[in-house]
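Computed from a predicted model, the values in this text were never measured in an experiment.
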Amino acid sequence: MTTPQMITADLVDLDLSAETKEEAARSLAERMVAQGRVTDLDGFLADVAAREAQMPTGLDGGIGIPHCRSTHVTEPTLAFGRAPHGIDFGAPDGPADLIFLIAAPAGADDAHLTILSALARQLMDEDFKAALRAATDADQTAALIRGDAEAPPEAEPEPETGPQQPAPADTFKIVAVTSCPTGIAHTYMAAESLENTARDTDGVELVVETQGSAGFTRLDPAVIAAADGVIFAHDVPVREKERFAGKPTVDVGVKAGINRPAELITEVRGKAARGEITAGAGTDPSSTAVDNSGEAGDGYGTKLRKWLMSGVSYMVPFVAAGGLLIALGFAIGGYKIADVKVETLLNSFDWTSSTSWAALLFYTGQAAFAFLVPVLAGYIAYGMADRPGLVPGFVGGSIALTVNAGFLGGLAAGLIAGGVVMAIQKVNVPAVLRGIMPVVVIPLLSSIAVGFLMFVVIGKPIASLQSGLTDWLDSLSGANALLLGALLGLMMCFDLGGPLNKVAYAFAVGGLADPTDGSLKIMAAVMAAGMVPPLAMALATTVRGKLFTRSERENGKAAWVLGASFITEGAIPFAAADPLRVIPASMAGGAVTGALSMAFGCTLRAPHGGIFVVPLIGNPWLYLVAVAAGVLVAAALVIALKGMRKNAPREDGAAAPAAPEKTQVPAAV
């Protein structure tokens, strides 16, 4: 199954005494370090923790399978630990006693990843797991995992008495796609689980396309065409999803493919019996790709966050391009550049005039900004209902601008458009109309519904709310402004580029579509606070390098540039390795910076750029003071907190002789 080099007796611990998954990962990783398979223990564990933060790696049946691809791994390696008392890896059925740590080099080739995937499939074999639990020595266990141990004899196949008969005409044929963020374990375990269940189910044939890190081999188009139903078990987007359009589809997270394959097969057969087919490019009308991009059974709050983040992620490039162009126009031509008429730019552009160039930049940026609300609304609807949601979403966003409902109107329009399309998709229409549903019927009906609701029902109330919010922001002063700045700073630094960070950022850039003094202050506070975490970690690694590992000190050099560029994610490697110290320190520094920026009355018209747009900031010197204050606070706190450890890393990056520090997994990074 796997090559002898992948695991040896030295990489097996049959009495793993760890109590937490962090301790288990460290204990097994230390064996890899001793064998020269891992070059930097803390750096590798940070990569393991970052992967674990994406999704728990516990599986039903008492299995924990932490895994990652890392630059600190020299060759593909497996380490195995048997934990008699069980360790919680987040599996639905309780603690795991069989722990596999899979380490793949960042540049592992296809052959190595294929070998790793074979282990994932083997873990679905009950006999294999029973043999691991019964093994009495490390050599025997390593041989079993490598495939060297003698397998139990298989029953002799029945002799063929005649030509092989084709499958019965009423056989239900299913094609499935499985994938996970890393593409090493869950992808192949879901495939094995679905295949095994299909073999044990009368009248079902199932073929799986695994879209793992080693690439994927496309299913034969003829097989897809002949399929009666489709199962997507994935946590990353399905590649070339349009190949599966027009068939009954079940769309779930990859763990559902592992834990409840029989339910998925029953569900897709039921949809086929009811005539429920996809209305778009491989998307189940009642279960969209974004809707099911994570675990099955997500609550409405989780789904709402995903839908909103879908819109924000598509809006941000328009914000960055438009905002920077407008800011550059003001920087070159002054704020009076907005008084230049478009007709003047069209009819008398002067190649040697800075005013002409400033006007060109300003109006180009303004054109990009005009798309903010429609793009936000369109892609919120897309997140809910896939491509059929785009037309009513964009239409609703444009109407929001027409009725002066602004950013809030765009949010409402996107959610309404997505909900209307999802409702239409649930209607069981005659087969003759299904072909025109996504291109004619759905866009027409949904646009009419969204237009009516935005123009007649909710547009005016939202416009009044938007106006009231704008007036409130403009009136902020004193303690209220300080509290808002501190709150935004805390949000920007809590999850370092995650959902809460994006909410604060979206709130700020939404005000730039129709800028006022209050909204420009908010934008300045948000960008200032977002620069703090990476700059603070860079400063801390420079001042007290002995408190950080060699890998963290190298990351600290890059964090200077990332922080200066307003890329908050530059602090993630530090938070992944030590969230209980890094995240609180970053939040404290961000709160200080946000509050000071508001107190100093700093303003910003550019939504991005960091120190490179300081000339475009109102009160730029005080703005830099606010950033510096927050960086100093965060750096001092993280140094103080790390200094309390009894086992701080030495200058050479190795751990001190004391008991090793537990590697924590960040909850929101």
- Query: Considering all heavy atoms of both residues, which atom of A508 and which atom of M523 are nearest to each other, and what is their separation?
  - Reply: CB-SD, 3.9 Å
- Message: For the CZ atom on F371, are there more than 12 heavy atoms of other groups (residues, nucleotides or ligands in this structure) within a distance under 6.0 Å?
- Response: no
- Query: Nearest heavy-atom pair of S597 and A626: which atoms, and what distance?
  - Reply: N-CB, 3.9 Å
- Item | Check against side-chain contact (heavy atoms from CB on, under 4.5 Å), L596 and V625 | CA-CA 8 Å; L596 288 178; V625 168; 5.6 Å; no
- Would you check if F232 and V250 make a side-chain contact, meaning some heavy-atom pair closer than 4.5 Å? no
- Task: Looking only at non-hydrogen atoms, find the nearest pair between G630 and V532 and report the distance.
- Result: O-CG1, 3.7 Å
- Item | T178 side chain to T187 backbone, donor-acceptor under 3.5 Å | yes
- Query: So, E343 and K341, do they make that salt bridge, N to O below 4.0 Å?
  - Reply: no
- Message: Between Y363 (side chain only) and A358 (backbone N and O only), is there a donor and an acceptor less than 3.5 Å apart?
- Response: no
- For F394, does its backbone N or O pair with a side-chain atom of S398 as donor and acceptor, under 3.5 Å? no
- Item | Heavy-atom closest pair, residues M531 and F566 | CG-CA, 3.9 Å
- Message: Can you give me the closest heavy-atom contact between M454 and G409, atom names plus distance?
- Response: CE-O, 3.8 Å
- Query: Are any side-chain N or O atoms of R243 and backbone N or O atoms of E240, one a donor and one an acceptor, separated by less than 3.5 Å?
  - Reply: yes
- Task: Please step through side-chain contact (heavy atoms from CB on, under 4.5 Å) for the pair I522 and L484, ending with a clear verdict.
- Result: CA-CA 8 Å; I522 288 173; L484 179 61; 3.9 Å; yes
- May I ask you to check whether E52 and T57 show a side-chain donor-acceptor distance below 3.5 Å? yes
- Can you check side-chain contact (heavy atoms from CB on, under 4.5 Å) on D251 and H234, steps first, answer last? CA-CA 8 Å; D251 195 331; H234 65 117; 2.6 Å; yes
- Any side-chain heavy-atom pair from P392 and V421 closer than 4.5 angstrom? yes
- Task: Show your working on side-chain contact (heavy atoms from CB on, under 4.5 Å) between V403 and K460 and close with a plain yes or no.
- Result: CA-CA 7 Å; V403 300; K460 187 175 181 179; over 6 Å; no
- Shortest non-hydrogen pair, V638 vs R581, comes out as CG2-O, 4.1 Å
